[in-house]
Amino acid sequence: MQFFNTLTRQTEEFVPQEKGKVKLYTCGPTVHDFAHIGNFRTYVFEDLLRRYLKYRGYQVTQVMNLTDVEDKIIKKSLASGQNFRDFTRPYIEAFFEDLKRLNIEPAEHYPRATEHVDGMVEMIRDLLQKGIAYRSEDGSIYYNIRKFPSYGELAHICVAELVSGARVAQDEYDKDSACDFALWKAWDEADGHVFWDQYEDLGKGRPGWHIECSAMSRAILGDSFDIHCGGVDNIFPHHQNEIAQSEAYSGKKFVNYWLHSEHLQVESHKMSKSLGNFITLRDLLSAGGNPSGRAYDPMVIRFSLLSVPYGSRLNFKYEGLQQDEKALERIVALLRRCADQCGDGSVDDLIAQTRADFIKHMDSNLLITEALAVLFNFVTEINKRMDAGPIDGRKVVEFWNEIDQVLGLNLQDKIQTGPLDADIEKLIEERQSARKARNFARSDEIRSQLLEQGIVLEDTPQGVRWKRSSP
RNA sequence: GGCGAUGUGGCCGAGUGGUUAGGCAACGGUCUGCAAAACCGUCCACAGCAGUUCGAUUCUGCUCGUCGCCUCCA
């Protein structure tokens, strides 16, 4: 299995520290608002990674942190008059609901920054002692990036140039270098009720943003682990700072593989509140929540977010959602068709080949587009074989369920169309009688009547089949 | 200003120095009482301009466009 490693900018063979096990850290949400679909693009990618690692036999330990204290949270909670813990609670709950809606597997650990302040303080003390961190006049503690020679390596940024960069505001900095970053922020009035004052040597204050991930990953995964994921915007400075903190603290290599997901754009533009194209998952799940006026199946959204390789920008469009909806229906139609096929025709050869090709492409840095192409070719091939004669359809369904361990689309659920109302059953029967009697006027009348109720009928050689129409 | 990514047919999106990506849409056909589904066929793309080459969408240079990071951000 190979991954593109941001650190080396090369595609490398994946070798975990411990055979058969993967320690994975994924940057989680800052819980000051509902997560948007760009966030979920990243979480879905991480879920795909996690599922695929498991599919390939690894035992995965995943950590996803929740950042429940930082500048925005403090600002918003003060503005709302709430304690910051009360302020974040509903967003944390909403986050977990959203993950569930998208069928994202739970991580093994969801540490919260506020629960790991001790661990952060321990690291800060150590860095102070080593002379890597220093205290500024206002009492804040900063990391001196000059003490970490490889600083900038992850983002391929030359620090000397950075400091003179036109867009780095250099006034009013109470630190030695504009790029030094805070490990501990001394309390001031703007922080209101948000502070920790039990660490006398540090002084009343709160942790900086970057130290939390170093402390939480260390607490759960140790000083050194296999994979660290996040969005590309985190490469610098966040992840770079994590490296600087953790490696200066432990003296060990922090992370072996850095995987970063590219951003999602909306209609080719950056998603931002100021552009008015900011979309949350909730907006897509309710018809009134988005400009297209439709409520989307969460699995269609998942597929959309999944179907572009994580390293490429994803151009989100409502039109694309509708295309993806059709694409999934094609697979569901196949599964439905296979579910009642118990013929002799073997499909073992095709399944074996498809599985091998799927793995080949997914092993190659999770090249999902190629992997999906393989699966759609499989769909076409199976349909052809069924056109030619009966096959062992249950094997196909079984295989799809195997693949769905990775894709997580739960298409199986869509085959089980559930019981119908008695009067609908009755109409279907009446239509069958009408057809037998070649009363096609009545037959078509019933069909369109049912269509209005969201029931699509298909006449097949095996009898009449029905499904619910898409919204 | 510095650094970087990218530009593929109606839309989304892989990939390759000379051979079909795939999905969606459209059109024609087979099947069907008619549909639906499925299958077959058509639509033969690779920003522009030069260069390298027997041959470039694939390599090089330039131009134009889009996007990102450098500042909170998935």
Side-chain angles (χ1 to χ4, degrees), chain A residues 9 26-30 32-33 35-46 67 70-72 75 152 155-169 178-179 209 229-238 260-265 268-273 303-304 307-317 319-334 336-337 361 367-377 379-388 435 438-441 443-444 447-448 451 456-461 464-467 469:
Chain A
R9 292 203 170 178
T26 51
C27 273
T30 303
H32 63 83
D33 203 343
H36 56 67
I37 55 169
N39 299 126
F40 286 115
R41 195 269 165 116
T42 294
Y43 304 142
V44 167
F45 144 63
E46 290 159 353
T67 298
E70 50 77 71
D71 292 354
K72 259 182 200 160
K75 205 172 162 187
H156 297 253
I157 281 174
C158 173
V159 176
E161 287 172 9
L162 242 191
V163 173
S164 59
R167 293 179 62 185
V168 178
C179 287
W209 171 45
C229 297
V232 286
D233 50 295
N234 274 332
I235 295 173
F236 194 89
H238 185 54
H260 289 99
S261 59
E262 254 297 348
H263 274 176
L264 171 149
Q265 299 180 312
S268 302
H269 291 288
K270 179 177 181 169
M271 179 163 64
S272 73
K273 285 189 170 164
F303 182 72
S304 267
S307 59
V308 175
Y310 74 90
S312 305
R313 286 195 304 255
L314 188 159
N315 191 9
F316 177 88
K317 293 182 158 199
E319 190 190 343
L321 276 184
Q322 312 200 14
Q323 293 181 359
D324 290 334
E325 186 173 65
K326 292 282 180 61
L328 289 190
E329 273 175 18
R330 180 169 160 79
I331 298 171
V332 173
L334 176 89
R336 190 180 285 121
R337 193 179 176 194
H361 290 122
L367 188 48
I368 189 73
T369 35
E370 291 288 346
L372 289 175
V374 166
L375 296 178
F376 279 106
N377 281 326
V379 171
T380 301
E381 280 306 312
I382 293 291
N383 271 319
K384 269 196 224 179
R385 292 206 188 177
M386 281 193 286
D387 285 353
R435 289 186 68 216
R438 303 193 67 81
N439 181 358
F440 296 120
S443 159
D444 291 348
R447 186 166 61 195
S448 35
L451 185 60
V456 179
L457 295 186
E458 297 175 7
D459 300 318
T460 76
V464 63
R465 270 204 303 253
W466 67 273
K467 63 175 180 182
S469 63

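Reminder, nothing fancy here: chain letters follow the sequence lines and each chain counts from 1. Side chains included, hydrogens not; waters and symmetry mates left out as well; all remaining heavy atoms used. Source: prediction; values computed, not measured.
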With sequence neighbours excluded, what pairs up with H238(A) under the side chain to side chain donor-acceptor pair (under 3.5 Å) test?
H210(A), E242(A)
Taking the C1' atom of each, how far is U8(B) from U66(B), in whole Å?
15 Å
Check salt bridge (Lys or Arg N to Asp or Glu O under 4.0 Å) between K384(A) and all other residues, then give those that pass, not counting sequence neighbours.
E381(A)
Could you tell me how far apart F440(A) (CZ) and U32(B) (P) are, to the nearest whole angstrom?
12 Å
Which of these nucleotides, A74(B), C67(B), C34(B), is closest to any side-chain atom of H269(A)?
C67(B)
Report the secondary structure of RNA chain B in dot-bracket form, marking unpaired bases with a dot and bases paired to a different strand with |, and treating Watson-Crick or G-U pairs with both distances under 3.5 Å as paired.
(((((((..(((.....[...))).(((((.......)))))....(((((..]....))))))))))))....
Would you please name every residue forming a side chain to side chain donor-acceptor pair (under 3.5 Å) with Y310(A), sequence neighbours left out?
N365(A)
D33(A)/K72(A) salt bridge by N-O under 4.0 Å criterion:
no
Where do N or O atoms of nucleotides 26-29 of chain B meet protein N or O atoms at under 3.5 Å, pair by pair?
none

Among residues at least two apart in sequence or on other chains, which ones pass salt bridge (Lys or Arg N to Asp or Glu O under 4.0 Å) with R337(A)?
D387(A)
Sorted by chain and number, sequence neighbours left out, salt bridge (Lys or Arg N to Asp or Glu O under 4.0 Å) with D71(A) holds for K185(A), R206(A)
Can you name the residues that form a salt bridge (Lys or Arg N to Asp or Glu O under 4.0 Å) with E458(A), not counting sequence neighbours?
R465(A), K467(A)
Per-nt protein contacts along nucleotides 6-12 of chain B (heavy atom under 4.0 Å; B base, S backbone sugar-phosphate only, - none) come out as -----BS
Among A36(B), A25(B), G33(B), find the nucleotide with the atom closest to the side chain of K326(A).
A25(B)
Candidates A14(B), G68(B), G33(B) - which lies nearest the side chain of S312(A):
A14(B)
Only counting residues at least two apart or in another chain, list the ones meeting side chain to side chain donor-acceptor pair (under 3.5 Å) with S268(A).
N315(A)
For T369(A), which residues count as a side chain to side chain donor-acceptor pair (under 3.5 Å) partner, sequence neighbours excluded?
none
So if I define the base as every atom that isn't primed, P, OP1 or OP2, how would nucleotides 37-43 of chain B read as a B/S/- string at a heavy-atom cutoff under 4.0 Å?
SSSS---
Check every atom of A74(B), G15(B), G23(B) against the side chain of L367(A) and return the nucleotide holding the closest atom.
G15(B)
